[in-house]
Amino acid sequence: HSVEDLSALENKNAILEDMKTIALDCAQMTDGALGIYMRFAPELGHDQCGFYYCKSSLDGTFCDYEMTDLFQFEQEDIPNVGWYYMPKTAEKPVWIAPYVNKSNNCYLISYCVPLYVQGEFIGVLGMDVDFSRVEELVHSIRPYEVGYAFLAKDDGTIVCNLTHTEEMEEAVNDGQDGTRKNEVKSKTLINGMKLVVVVPKHVVHKERNELLRDMLINVIFVIVVMVICTTIITKKMVSPIKKLQVATEQILNENLDVKI
């Protein structure tokens, strides 16, 4: 289709029917997905052309919901229309940081993709994911059974429901402190947030210290065995020589009855 073709409502509806099937299949296969939507740009005509499916809390199926009226909100209103204007402005797929969706009061994270035909913007396709599911996955990370993990935005704001501590702020900001009791590692994810893992130093170093101790014990044991073996072998080698030396001295003293 060309951009001119999309100005006709029947062409849009044909595209929407195809997109609905694909989008619903994707949403049903995505763990934690709560909503899937597509919206044609209002400037193409027909302001409310698109679809919005939201997962029902009763049976878990995706139901058709009323679409948001883009003209009722300012473009900077992220919770209501950020899903549309952020990818349009960025001209590339964007992750929207966790927010409360005012239409269903759910704590969400959204991935939205701008759509183009022949280089011209025609609309947005997006998916909402229940952020509590993301939190569950993060909280399940328990390195060494005593460590923990959390997520932070790119500005350092901690977004997981964990007790906020000064140590977490240091971890997010890559602070280095020789007196810190924990090992902290972070990884920037594709959505711009940081996954931070914290583990007590004594736990991390425990296995290393135990390995070093075992190696030291083994080295000492080998040295002791080598010393003992060397002593025994040396004695066996030296004893005949000493006997020969004594016998030689006896012979030199004209004692020819000496036994060797």
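Along the sequence shown, the residues carry numbers beginning at 1. Keep in mind it's a predicted model, so treat the numbers as computed, not measured.
With contacts defined as side-chain heavy-atom distances shorter than 4.5 Å, the pair N80/E74 does not qualify. Residues Q28 and D25 meet the side-chain proximity criterion, which asks for heavy atoms closer than 4.5 Å. By the 4.5 Å heavy-atom criterion applied to side chains, S132 and Y107 are not counted as neighbours. Contact check for Y99 versus S110: side-chain heavy atoms found under the 4.5 Å cut-off. Residues F150 and H139 have side chains not in contact (no heavy-atom distance under 4.5 Å, counting atoms from C-beta outward). Within the 4.5 Å cutoff, side-chain heavy atoms of W83 are placed close to those of I96. Taking 4.5 Å as the limit, some side-chain heavy atom of F121 sits within range of a side-chain heavy atom of E43. For the pair K185 and V196, the minimum side-chain heavy-atom distance is 4.5 Å or more.
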Problem set entry | Derivation of the side chain to side chain contact (heavy atoms under 4.5 Å, CB included) call for L195 and V138 | CA-CA 8 Å; L195 174 63; V138 173; 4.1 Å; yes
For this session: Show your reasoning for whether side chain to side chain contact (heavy atoms under 4.5 Å, CB included) applies to V81 and F73.
Result: CA-CA 7 Å; V81 292; F73 305 96; 3.8 Å; yes
For this session: Tell me, with the steps shown, if L212 and L216 meet side chain to side chain contact (heavy atoms under 4.5 Å, CB included).
Result: CA-CA 6 Å; L212 290 175; L216 181 60; over 6 Å; no
Exercise. Hey, mind stepping through V134 and L151 against side chain to side chain contact (heavy atoms under 4.5 Å, CB included) and telling me if it holds?
Worked result: CA-CA 9 Å; V134 178; L151 283 175; 3.8 Å; yes
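Shown here for K20 and F51, the closest heavy-atom pair between the two residues is CG-CD2, 3.6 Å. In terms of heavy atoms, A33 sits closest to M127 at CB-SD, 4.0 Å. The nearest pair of heavy atoms linking G126 to I36 is O-CD1, 3.3 Å. Nearest heavy atoms, Y84 versus V124: O-CG2, 3.6 Å. The two residues P114 and P93 make their nearest non-hydrogen contact at CD-N, 3.6 Å. Taking every heavy atom of both residues into account, P87 and G82 meet most closely at CD-O, 3.6 Å.
We find the SG-CG distance between C54 and D128 to be 7.5 Å, quoted to the nearest 0.5 Å. Interatomic distance, CG of L70 versus CD of Q75, reported as 9.5 Å (0.5 Å rounding). Note that the CE atom of M86 and the CD1 atom of I78 stand 5.0 Å from one another [nearest 0.5 Å]. Atoms OG1 and CE, on T188 and M193 in that order, are 11.0 Å from each other to the nearest 0.5 Å. Atom CE in M19 sits 8.5 Å away from atom SG in C26 (nearest 0.5 Å). Between the CG atom of D77 and the OG1 atom of T68 there is a distance of 10.0 Å, given to the nearest 0.5 Å.
At a threshold of 4.0 Å, the pair E120-K88 does not count as salt-bridged, since none of the basic side-chain nitrogens sits closer than that to a carboxylate oxygen. Between E145 and R142, none of the side-chain N atoms (NZ, or NE/NH1/NH2) sits under 4.0 Å from a carboxylate O, so this pair counts as no salt bridge.
No continuous path of ILVMFWY side-chain contacts below 4.5 Å connects I220 to L211, so the two sit in separate hydrophobic clusters. Both V100 and V129 belong to a single network of hydrophobic side chains, linked directly or stepwise wherever heavy atoms of I, L, V, M, F, W or Y lie under 4.5 Å apart. By the criterion of side-chain heavy atoms lying less than 4.5 angstrom apart, applied directly or through intervening Ile, Leu, Val, Met, Phe, Trp or Tyr residues, I22 is not grouped with L115; the two fall into different hydrophobic clusters.
Panel note: side chain R39, backbone G123; no donor-acceptor pair is recorded below 3.5 Å.
Classified by interplanar angle (parallel below 30°, tilted 30° to 60°, perpendicular above 60°), the ring pair Y52/Y37 is perpendicular.
Around CD of E210, the count of heavy atoms belonging to other residues, nucleotides or ligands within 6.0 Å exceeds 12.
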